[in-house]
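Read through the structure below, which is laid out as structure tokens, and then see the notes.
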Amino acid sequence: MLGAGVDAGSVGMLREGISWIMVTTVPGLEDIVLMEARERLDVLEADLRFCNVSGRVSLKIPESHVNRVFAFRSIEHIIRLIKVFDVERDKSGLSQIYSGVYGCDFPLGSTFRVTCERVGEHDFTSIDVQRVAGQAIVDKYGRKVDLKNPETIVRVDVAYNKCIVGIQMTRTSLRIRYPRAFQHHSALNPVIAYAMLRIADVKPGDRVLDAFCGGGTIVIEAAQICREIEPIGVDISPKSIEGAWRNAEAAGVKDKVRFIVGDSRRLERALPAGWMVDKVISNLPFGIRSGRLEIIPKMYAEFLSSLKRFLHDNSRVCLLTVHRELLESLGANLGYEVLESRQIMHGGLRSWIILLKPA
Ligand SMILES: C[S@@+](CC[C@H](N)C(=O)[O-])C[C@H]1O[C@@H](n2cnc3c(N)ncnc32)[C@H](O)[C@@H]1O
């Protein structure tokens with residue numbers, strides 16, 4: 001029963017051999033998580049907005065498939081769910097959380113920490129939740145709290161009138177694919193890079209261009225997910241291109257990628273004549289951080305115009321921007337058709353992934 005809500009309850013109600021997990025992702029990319037999950041394992045049941053929170057997907061899967069979830073590229077954290085129960089939003093919610101957590105059976109190590117993410121209005125804070133839930137575990141199991149390096153991370157999230165208890169299985173976010181040798185000031189979350197590559201339907205044999213590649217996140221992600229493609233990055237900043245090469249080396253894909261210093265408003269000067277591109281995936285400059293918002297319309301227009309000659313009928317152009325209306329209207333004026341616009345949250349900003357094709 002895909003897409004249906006998962007009833008609040010405890011894992012005790014699950015059939016033997018079935019696991020109930022919650023994975024976190026970038027709000028707006030939940031369907032990409034389900035697509036990836038279906039490719040990698042048997043999904044028995046899924047809820048794409050678990051407890052009405054975007055960016056959280058719950059999955060019921062065979063216990064023997066749980067380890068495969070660590071290979072997902074569309075998620076950040078994995079939480080093995082233990083129990084979901086109702087809580088009041090006033091102070092009395094805290095004693096319900098104490099009792100609910102006390103009643104859970106936890107597979108605990110010798111030390112633990114409680115982490116809470118709270119969504120909605122409550123008369124208590126996430127620190128209050130961590131305190132009472134931690135106390136319940138100390139009272140029941142006598143384990144020691146270790147905030148820095150605990151053996152077990154217990155997640156006690158509160159979303160509106162639900163308390164979600166589980167064990168966090170990931171220590172660090174799965175968005176960290178490799179140690180970045182170069183940190184670009186606007187580096188993209190690789191989870192978003194992966195989603196954009198999926199939205200553009202990148203396939204083996206494709207030539208993939210990131211025309212604003214910065215530290216190379218999209219190009220490196222492309223090389224990592226698909227070995228038989230030709231990913232190339234262009235950026236106007238020599239420092240970024242040098243950093244992108246270092247990142248590609250750190251990610252082990254240096255021999256699979258190309259980076260070129262160039263101005264993507266004049267791609268004909270950066271790319272070989274007669275060259276065709278199958279997929280263009282770029283995180284465009286927003287002009288917000290640099291405080292140069294006024295240059296954005298001209299830059300987007302010149303980029304889209306100069307790109308045209310490198311595209312064929314089946315090429316796809318997948319762009320991330322905060323300037324949705326601008327990009328859509330420029331696209332329409334410059335001979336592109338908008339196939340899809342989806343809203344995501346990116347670095348605290350409401351942004352759009354916009355998929356275009358030559359009209
Ligand atoms: C949002 S950042 C890209 C960050 C990148 N996705 C990453 O993860 O590191 C935009 C990039 O566009 C580059 N840029 C700005 N104007 C450009 C132009 N005319 N041609 C090519 N690159 C440009 C900037 O140097 C910057 O690195």
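In listed order, ligands and their atoms are each counted from 1. Quick caveat, the model's predicted, so the values are computed rather than measured.
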Between Glu328 and Ser341, does a side-chain hydrogen bond (donor to acceptor under 3.5 Å, both in side chains) hold up when you go through it step by step? CA-CA 9 Å; Glu328 286 184 354; Ser341 289; 2.5 Å; yes
Whether [X] side chain and [Y] backbone form a donor-acceptor pair below 3.5 Å:
X      : Y      : value
Thr111 : Lys144 : no
Asn247 : Gly215 : yes
Tyr336 : Leu304 : yes

Sub-6.0 Å ring centroid separation between Phe112 and Phe106: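 No, too far apart.
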Residue that, paired with Ser74, satisfies side-chain hydrogen bond (donor to acceptor under 3.5 Å, both in side chains) out of Arg175, Arg198, Glu36: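 For Ser74, the side-chain hydrogen bond (donor to acceptor under 3.5 Å, both in side chains) test succeeds with only one of Arg175, Arg198, Glu36, which is Glu36.
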Under a 4.0 Å heavy-atom cut-off, which residues neighbour ligand 1?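 Lining ligand 1 at under 4.0 Å, by heavy atoms, one finds His184, Ser186, Ala187, Leu188, Ala211, Phe212, Cys213, Gly214, Gly215, Thr217, Asp235, Ile236, Ser237, Ser240, Gly262, Asp263, Ser264, Arg265, Asn283, Leu284, Pro285, Met299.
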